[in-house]
Amino acid sequence: MKLSFYGAAGEVTGSNYLLKTTRANVVFDCGAFQGGKDSELKNMAPFLYDPRSVDAMVLTHAHLDHVGRLAKLVRDGFAGEIYATPPTIELAKLVMEDSAVIMSHEEMKFGDQPMFRAEDVAKAVEKFRPIKYNERTQIADGVEVNLVDAGHILGSASVEVWADGRKILFSGDIGNSGAPIINDPVKVEEADYVICESTYGGRTHEPAQEQKKFLDEVVDLSVARNGVLLIPSFALERSQQLLFNLHQLLEEKKIPDIPVFLDSPLAIKATEVFKKFPEYFDNETKSHLDHVQDFFDLPSLKLTRSVEESKKINTTPPPKIIIAGSGMMTGGRIKFHLREYLDQPTTMIFVVGYQADGTLGRRLLDGVKTVDLFGEKIKVKAQVKAKGAFSAHADEPQLISWLKGVKSPIKELFLTHGDPKARDLLEVAIGKNMQVEIEKPRFGQTVELE
Ligand SMILES: [Zn+2]
């Protein structure tokens with residue numbers, strides 16, 4: 001049996017692994033590359049395997065770096081079925097449709113060739129087959145899988161795979177234990193081979209349970225200053241967690257009822273999907289739902305779907321909270337709000353997610369004094385604050401604890417989905433805690449699983 005790494009090998013994005021067993025070819029995740037200079041070229045390049053030869057595909061979760069090239073795989077001839085949890089299927093559909101729209105706009109504006117089109121997304125969506133957590137299923141000749149809750153975003157999964165008499169475990173993205181709404185990651189006790197993410201190797205977050213406290217602090221500060229609280233946010237999970245935290249704070253009378261704008265059409269649609277799957281929520285959220293009709297319905301929450309509605313946010317006087325994408329401030333509506341409010345010392349930019357090198361979010365965190373937005377030079381007078389408590393990813397101690405959950409001897413552990421430095425740090429930390437042979441695969445590398 002052979003395993004090939006066609007993405008997220010020495011970097012965070014582009015997850016894509018091909019497992020060739022004696023009887024079938026199965027692909028795990030098919031994500032887009034993001035952030036790096038050459039990411040567009042890598043996304044447009046042909047697959048290094050023939051999509052027509054793939055029998056089945058498993059999707060761990062709906063983030064773009066796991067699903068972003070799936071419609072392209074289908075366009076290029078993949079004819080099998082795509083297995084994922086029901087929430088992942090619905091969220092992945094939104095994410096793929098959203099990226100098809102963005103690419104078609106770029107095609108109209110700049111003549112850029114899109115990676116795929118809306119019709120490819122529609123074809124991909126037809127191939128989805130739902131499997132719930134813990135429903136062991138045969139997906140190809142001689143290949144069975146079981147999805148377990150990875151606690152990363154709604155519906156996210158780690159994948160147990162049985163093939164050729166061996167058991168392989170793909171971590172997917174492991175969540176941050178204690179995060180609201182979703183359950184904590186489930187540990188798997190047995191595996192011969194493990195493929196594990198390493199996003200936050202070398203890092204320890206503040207506890208996720210403190211999210212609410214940190215949010216309380218920045219809201220209070222913004223109210224005291226009569227300023228604008230800008231929260232650049234990823235559309236899936238983070239936005240819903242922020243709304244949930246705000247709802248709890250308001251209910252506990254810790255913050256005043258100030259206007260909150262959810263200024264992201266994708267986040268609004270994703271929130272609708274969340275409402276459909278209450279059985280996937282953790283106990284805290286379920287019990288909160290017992291006495292609240294709908295925890296997304298903040299009294300002063302405004303959902304701004306159209307561009308006109310988004311522009312009107314400026315006319316509401318501070319204090320106010322604006323949650324908008326994109327999460328790393330590389331595009332989306334947050335950039336318009338930054339142009340409006342970055343030069344005001346009363347503004348707080350609250351960073352709640354991973355900021356890759358080279359992104360505007362990273363530069364602001366690094367303390368740049370001016371930024372270029374839409375051809376204008378804007379002075380940065382706003383306060384920029386970041387909290388790792390809001391991360392959707394496990395930190396290093398949590399990754400090690402998840403790996404230690406495997407009680408059987410691991411023949412080989414492959415570290416993926418991390419920048420080289422984070423991956424090296426995690427390798428060292430694992431070496432201190434466990435007896436296991438560790439591999440750090442390169443892009444395009446194939447390994448034999450005996
Ligand atoms: Zn993810």
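Remember, predicted model here, so these are calculated numbers, not experimental data. Just so you know, ligand 1 is whichever comes first in the structure, and atom 1 is the first atom listed for that ligand.
Checked against the Zn ion (ligand 1), the N, O or S atom of Asp173 at the shortest distance is OD2. His152 has its closest N, O or S atom to the Zn ion (ligand 1) at the position named NE2.
Distances from the Zn ion (ligand 1) show that His63 has an N/O/S atom below 2.8 Å. Look at His61 and the Zn ion (ligand 1): an N/O/S atom of the residue is under 2.8 Å from the metal. Note on Asp65: not counted as a metal contact of the Zn ion (ligand 1), no N/O/S atom lying under 2.8 Å.
The cationic group of Lys42 lies under 6.0 Å from the six-membered ring centre of Phe33 and within 45° of the ring axis, placing it in a cation-pi geometry. Taking the ring axis of Phe47 as reference, the NZ or CZ atom of Lys72 stays within 45° of it and closer than 6.0 Å to the ring centre.
Using a 30° and 60° split on the angle between ring planes, Tyr6 and Tyr49 fall in the tilted class, from 30° to 60°. A tilted orientation is assigned to the rings of His393 and His152, their planes being inclined by 30° to 60°.
Between Phe28 and Tyr17, the gap from one ring centroid to the other reaches at least 6.0 Å.
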